[in-house]
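Bear in mind that the values here come from a model prediction, so they are computed numbers and not experimental data.
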Amino acid sequence: MMPSQRRFKAISLFVIVTIVIIFYMSSAGQQTRSSPFYTKTQQALQDRQYEEAAKQRDADSVGSRLKAAEDQAKKAADDKHAKVKDSVEGDAKSVAGRVKLDGDKVPGVAAQGGKPRDQAAMNEHETPEDHEVEMELNAILRKSPTIVFSKSYCPYSKMAKHILLDKYTIVPEPYVVELDLHPLGPKLQEFLGHMTGRRTVPNVLLMGKSIGGGDDMQELDETDALVEKFKTMGGTRITKVEHREARGEKKASRRRA
């Protein structure tokens with residue numbers, strides 16, 4: 001059955017309208033893409049995308065540099081820590097650390113007859129002046145295994161020096177520091193008070209440990225315990241310690257006294 005004339009006209013009209021619309025849309029799209037507005041918009045979008053990509057590349061580059069810097073700083077800190085550790089175990093350290101005396105490690109300045117003080121706690125609020133005192137004390141401790149902190153006018157200091165220097169032969173010889181004549185004397189005495197628990201003079205240090213004052217030296221001498229004390233604590237650092245008088249002469253002199 002053939003379509004009616006009216007239906008044929010309707011279909012033809014629909015086809016024509018569809019073709020016109022397609023042609024119009026295609027032409028309009030081409031005109032739009034070729035228009036200055038469309039071109040500028042596209043260029044702006046491309047520029048924006050390029051700018052964001054460049055920023056991302058820069059950010060990645062900066063991030064890489066920052067990470068490299070952080071890695072380098074961490075490595076430097078690790079190297080420094082390793083050097084400090086090696087230094088602690090080396091030939092000499094400040095009083096806040098250790099002093100090595102020919103293989104015998106003395107853990108700082110220890111309290112009399114006891115354990116070393118907590119150096120980390122003392123260093124927490126260290127000032128430049130405190131550091132200077134520590135460095136000076138460190139230098140003094142290198143002078144001899146036996147250090148006598150004295151005051152020139154103190155009778156107890158004179159007694160201790162007489163016993164250690166005149167009555168006994170001690171090698172290496174005890175090193176005497178007159179605190180009243182030393183420019184850092186008061187600070188040294190204060191520091192020793194904190195470190196050893198002994199705030200008075202004389203203060204005799206053997207291998208970095210306080211073994212007492214004048215009365216203690218007198219007792220060690222009278223009980224014939226001084227030689228053994230120095231040999232036991234001094235180890236290989238004390239190469240010789242003996243009473244200048246023979247034991248019999250010593251006892252006879254005591255009886256006469």
Side-chain angles (χ1 to χ4, degrees), residues 94-96 99 101 106-117 119 122 127 129-234 237-238 240-245 250-251 253-254 256-257:
S94 70
V95 177
V99 178
L101 302 173
V106 181
V109 180
Q112 181 178 3
K115 298 179 180 180
R117 297 300 179 93
Q119 304 297 339
M122 294 198 63
T127 64
E129 187 178 27
D130 293 334
H131 180 69
E132 182 182 9
V133 173
E134 288 183 6
M135 295 299 292
E136 176 62 19
L137 183 54
N138 182 58
I140 291 171
L141 290 175
R142 294 178 183 176
K143 300 290 186 181
S144 171
T146 310
I147 309 294
V148 182
F149 289 95
S150 164
K151 288 187 178 179
S152 59
Y153 56 81
C154 173
Y156 295 98
S157 296
K158 290 180 181 178
M159 178 174 62
K161 288 183 288 187
H162 170 67
I163 292 172
L164 296 174
L165 299 176
D166 299 333
K167 299 184 70 173
Y168 288 83
T169 299
I170 301 174
V171 181
E173 187 175 69
Y175 183 78
V176 179
V177 180
E178 301 292 359
L179 293 175
D180 59 317
L181 304 178
H182 195 286
L184 294 176
K187 287 293 182 181
L188 282 170
Q189 186 172 359
E190 180 182 358
F191 187 87
L192 287 167
H194 289 298
M195 296 298 297
T196 67
R198 175 175 290 275
R199 300 179 181 276
T200 58
V201 293
N203 192 354
V204 181
L205 268 59
L206 177 57
M207 297 299 293
K209 295 183 179 181
S210 176
I211 59 173
D215 292 338
D216 300 292
M217 297 304 103
Q218 185 178 36
E219 182 180 358
L220 288 171
D221 175 47
E222 292 178 350
T223 58
D224 293 327
L226 190 144
V227 171
E228 185 62 27
K229 181 84 168 179
F230 272 69
K231 286 182 177 180
T232 301
M233 292 187 62
R237 281 288 293 167
I238 300 296
K240 183 179 181 180
V241 53
E242 62 183 17
H243 201 284
R244 292 184 186 273
E245 298 178 359
K250 180 181 176 183
K251 291 182 178 179
S253 63
R254 285 182 181 171
R256 288 196 299 272

Trace of the side-chain contact (heavy atoms from CB on, under 4.5 Å) decision for Y156 with T200: CA-CA 10 Å; Y156 295 98; T200 58; over 6 Å; no
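- In this structure, CG on N138 lies 9.5 Å from NE2 on H131, to the nearest 0.5 angstrom.
- In this structure the side chain of L192 reaches within 4.5 angstrom of the side chain of L205, judged on heavy atoms.
- Atom CG of L181 sits about 9.5 Å away from atom OH of Y153, to the nearest 0.5 Å.
- E219 CD: 12 or fewer foreign heavy atoms inside a 6.0 Å radius.
- Here the side chains of E136 and K187 are not in contact, with every heavy-atom distance at 4.5 Å or above.
- Contact record, M233 with I211: SD-CG2, 3.7 Å, taken as the closest heavy-atom pair.
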Trace of the side-chain contact (heavy atoms from CB on, under 4.5 Å) decision for I238 with K231: CA-CA 7 Å; I238 300 296; K231 286 182 177 180; 5.7 Å; no
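- By the 4.5 Å heavy-atom criterion applied to side chains, L164 and V176 are not counted as neighbours.
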Stepwise side-chain contact (heavy atoms from CB on, under 4.5 Å) check, H243 with D221: CA-CA 9 Å; H243 201 284; D221 175 47; 3.8 Å; yes
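- Of all the heavy atoms in F191 and V133, the pair that sits closest is CB-CG1, 3.9 Å.
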From CA spacing to verdict: side-chain contact (heavy atoms from CB on, under 4.5 Å), L165, V148: CA-CA 10 Å; L165 299 176; V148 182; over 6 Å; no
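- Here CE of M195 is found 12.5 Å from CG of L188. Values are rounded to the nearest 0.5 Å.
- Across all their heavy atoms, L226 and M217 have their closest contact at CD1-O, 4.3 Å.
- Electrostatic pairing of R198 and D216 counts as a salt bridge here, judged by a charged N lying under 4.0 Å from a carboxylate O.
- Taking the side chain as every heavy atom from C-beta outward, F149 and I140 approach each other to under 4.5 Å.
- A side-chain donor-acceptor contact under 3.5 Å links Q189 to the backbone of R199.
- L220 has its side chain out of reach of E228: every pair of non-hydrogen atoms, C-beta onward, lies at least 4.5 Å apart.
- Of the possible donor and acceptor atoms, one in the side chain of D180 sits under 3.5 Å from a partner among the backbone N and O of S152.
- The distance from atom CE of M159 to atom SG of C154, rounded to the nearest 0.5 Å, is 8.5 Å.
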Residues K161, E178; criterion salt bridge (Lys or Arg N to Asp or Glu O under 4.0 Å); working and verdict: CA-CA 11 Å; K161 288 183 288 187; E178 301 292 359; 2.7 Å; yes
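- The main-chain N or O of I147 is never found under 3.5 Å from a side-chain atom of S144 such that the two would form a donor-acceptor pair.
- When all heavy atoms of P202 and G214 are compared, the pair lying nearest together is CG-N, 3.2 Å.
- Atoms CG and CE, from L141 and M207 in turn, are 10.0 Å apart once rounded to the nearest 0.5 Å.
- Within the 4.5 Å cutoff, no side-chain heavy atoms of L184 are placed close to those of L137.
- For the atom pair NZ (K151) and CG (N203), the distance works out to 11.5 Å, reported to the nearest 0.5 Å.
- The two residues V227 and V241 have their closest heavy-atom pair at CG1-O, 3.5 Å.
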